[in-house]
Amino acid sequence: MSNMDPDAGMPVVHRWGGMQLLAAWQALSAQWAGKLKWLVAPSYGDVAFAVRSALAAGLSLVIAMAMELDSPQWAPLTVWVVAQSSRGESLSKARWRIAGTILGCCVAVGLIAAFPQSPALFFGVLACWIGLCCGMATFLEGYKAYGLVLTGFTSAIVATGAIMQPDQVFDIAMARGTYIVLGVVCEALLALLFMPGLQAHARARLKTRLESAQALVRKRVTCLVEGHPTTELDQSPLLGELTAAGSRIEYDALEAGGYGHMADHARAALAGLLVMLARAEGLATLKLLPASKVPTSIRKDERSIDEHVQACLTHRRGDHFRFRIRSRRHTLEAVENGVRACAGILVGWLLWEVTAWPAGPTFMSLLALVYGLLATRENPVVASAPFFRGAVWCVLVAGIYVTLVLPALSTPELLVLLLMVPMVIGGLAARNPATAGYAFSFNMFLPVLMGPNNQGRYDEVSFLNTALAFLGAVLVAGWTYRTVLPFRPDSHMQRTARWTSRQLRELASANNRVSVYQWLSGNADSLVRIVRNAQGIALPQRKAFARQQFSGMVSGMHVILLRELTLAPTTPRNVQQAFRAFLRHWEQDDGVVVTRQAAITARWLGRQVAQMPPQQQEIFDHALLSLQLLACAQPMELP
């Protein structure tokens, strides 16, 4: 009997139902196990980041309370703001955070002094200042943009905190600056303890990053040589890798000690990879791969890239190499970003003015802070939704601590010990892409909502007022981003296409100073950004945009090469005149005339090249290829 099936006597229907329930339970368990892998089976790097950041936040809170500071919760908020996956990011963000804080405190003192009894003027000027900071940040890259945005919301935090006591504005500004510096120092100290051998690891990581980018581009060039068909949308992952590598260079060089001109050579190597990719794409368009001349030009690019990679990884005395880039200016986006922030601050002030809300200063401070945090996001509309969900979780956890935990504690050390659990969980969530948006608000505002201090217990009524102000600030910010000039990928796509067409014509001007790398990197960044945010747009429209953008990248590179040859003193005079004539057509005429003129100029140049000395033939062979490609270029219209 022991070998008999225990379900043998069970009706078939019941057995079938039990098997279905078991299968459903197993599928559900597997699904949740996959979703919670970041929590139940995190990697070593994720655990190290979470524990390091949580300990730094706890240390800053203990020190702030030991120093009898009036608002110690701002110190751990700073830790979570500057805590990044890599030390280079943390150092860069901390540096710009300190600079932005100092400037913001000075502006806040000036605002309070200028408008002591004029709330309408005060908030009008404050809204314009925050809008200006958010708008100008659009023109900057990396954490420079964050530093400028930080200047705006620090001004709001200090100024609104001093509205009820304007005589104390200097003391409040000094206190806020102290919290920032304390948080930065604690995060830096724990990072040094958790990251031994930082410089060696950073150099190895930079080497791996550059070699990986080289391998990807070489693989793509090999596909072009072998004639494998691909679409322009297939280029976006590769361009995304190159764009991400370019944004990481500054942080890797900062971690590695930044000796010599490491970052300059690394940027030049990535520039060479973009040029090599665009050159191979153009040659493939002309069906010249694999021709006898093509491997020579691409091999020359590879040698130049290898030289820059070696110079990046080995310090050489007397190295004065410089390579700077200029970010693309999206003027309309900057104006829209500034108008949204300005409108949001004015709406918040009107809500406070109409309702006479006692928690109004807290609401305005948090509103400015939320705008500053979301303004640097690529798509604030998308980022605001997980930010709000993280804020709700933050309120729930903080409410449990305020009502159940804080009343039973008597020392800040015990509080920090008990806070380690939610802070470590929040740190793990910050490393998981699916939950990073939730952790963004949860980690920063958990200590703020709990409001620990030495003078008394944070009662439930104060907590509810602060929590309501926080959720209201997040909702108002999200509502503003959705209603006031909302970011729309389709309109941004159309605007970028028009901008590219206009700039493509202006490249032919002798006064234009856009380099090949600036042109390629700017277009690559736009293509990657739009493809990443345009999943809701119809596939034909996305393909048409990618085709136009990539065609413009390649054509622009060859126009710049022709412009530079025209200005070169070694170029023969008759060739200069022919190039100038073609560039005038490129700048002024439509696509049909331009392509016909490019073909005519190419045939004439081919006869001239045959009579040139061998030293000049290689240079003007490249110019001939450029003209032949421009003769094949067709204008693309978006559907």
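Without hydrogens or angle criteria, Ser384 side chain to Val381 main chain gives a donor-acceptor distance under 3.5 Å. Without hydrogens or angle criteria, Gln576 side chain to Ala568 main chain gives a donor-acceptor distance under 3.5 Å. Side-chain N or O atoms of Arg340 include none that pairs as donor or acceptor with a backbone N or O of Thr480 at under 3.5 Å. Distance alone, capped at 3.5 Å, places no donor-acceptor pair between the Gln597 side chain and the Phe582 backbone. Under a 3.5 Å cut-off, the side chain of Trp586 and the backbone N or O of Leu504 do form a donor-acceptor pair.
When side chains are defined from C-beta on, Val559 does not count as touching Trp519, because their heavy atoms never get closer than 4.5 Å. Side-chain atoms of Cys342 and Ile130, non-hydrogen and from C-beta on, never get closer than 4.5 Å to each other. Val339 has its side chain out of reach of Glu336: every pair of non-hydrogen atoms, C-beta onward, lies at least 4.5 Å apart. Taking 4.5 Å as the limit, some side-chain heavy atom of Leu624 sits within range of a side-chain heavy atom of Gln628. For the pair Leu210 and Leu270, the minimum side-chain heavy-atom distance is below 4.5 Å. Side-chain contact between Leu630 and Val594 is absent, with no heavy atoms from C-beta onward closer than 4.5 Å. Residues Val575 and Trp604 are in side-chain contact: their nearest non-hydrogen atoms beyond the backbone lie under 4.5 Å apart. Val309 is listed as a side-chain neighbour of Ile305, based on a closest heavy-atom distance under 4.5 Å.
What you find for Arg482 and Ala385 is that their closest heavy atoms are NH2-CB, 3.9 Å. Scanning all heavy atoms of the two residues, the minimum distance from Ser626 to His558 falls at OG-ND1, 2.7 Å. Scanning both residues, Ala430 and Ala439, for their nearest heavy atoms gives N-CB, 3.5 Å. In plain terms, the two heavy atoms of Ala599 and Ala631 that are nearest each other are N-CB, 3.7 Å. Residues Gln617 and Ala610 share a closest heavy-atom pair of NE2-O, 3.9 Å. Taking every heavy atom of both residues into account, Asn337 and Cys134 meet most closely at ND2-O, 3.4 Å.
Annotation: the span from Leu369 atom CG to Ser441 atom OG amounts to 11.0 Å, rounded to 0.5 Å. Note: Leu562 CG to Leu567 CG = 11.0 Å, rounded to the nearest 0.5 Å. The distance from the CZ atom of Arg603 to the CG atom of Leu627 is 11.5 Å, given to the nearest 0.5 Å. Here Leu565 contributes atom CG and Leu561 contributes atom CG; the two are 7.0 Å apart, rounded to the nearest 0.5 Å. Residue Tyr481 holds its OH atom at 6.5 Å from OH of Tyr371, rounded to the nearest 0.5 Å. Between Arg97 atom CZ and Thr151 atom OG1 the span is 10.5 Å, to the nearest 0.5 Å.
Listed by chain and number, the residues in a salt bridge (charged side-chain N to carboxylate O under 4.0 Å, His left out) with Arg218 are Glu302, Asp306 (sequence neighbours excluded). Applying the side chain to side chain donor-acceptor pair (under 3.5 Å) criterion to Tyr438, with sequence neighbours excluded, gives no partner residue. Taking the side chain to side chain donor-acceptor pair (under 3.5 Å) definition, one finds that Ser43 meets it with Asp46, sequence neighbours left out. The side chain to side chain contact (heavy atoms under 4.5 Å, CB included) test applied to Ser509 returns Asn511, Asn512, Glu587, not counting sequence neighbours. Not counting sequence neighbours, Phe388 has no partner by the ring pair (Phe, Tyr, Trp, His ring centres under 6.0 Å) test. Qualifying side chain to side chain donor-acceptor pair (under 3.5 Å) partners for Thr601, counting only residues two or more places apart in sequence or in other chains: none.
The environment of Arg573 atom CZ is sparse: at most 12 non-hydrogen atoms of other residues, nucleotides or ligands sit within 6.0 angstrom. No more than 12 heavy atoms of other residues, nucleotides or ligands sit less than 6.0 Å from atom CE of Met136.
The aromatic rings of Phe579 and Phe620 lie tilted to each other, with the angle between the two planes from 30° to 60°.
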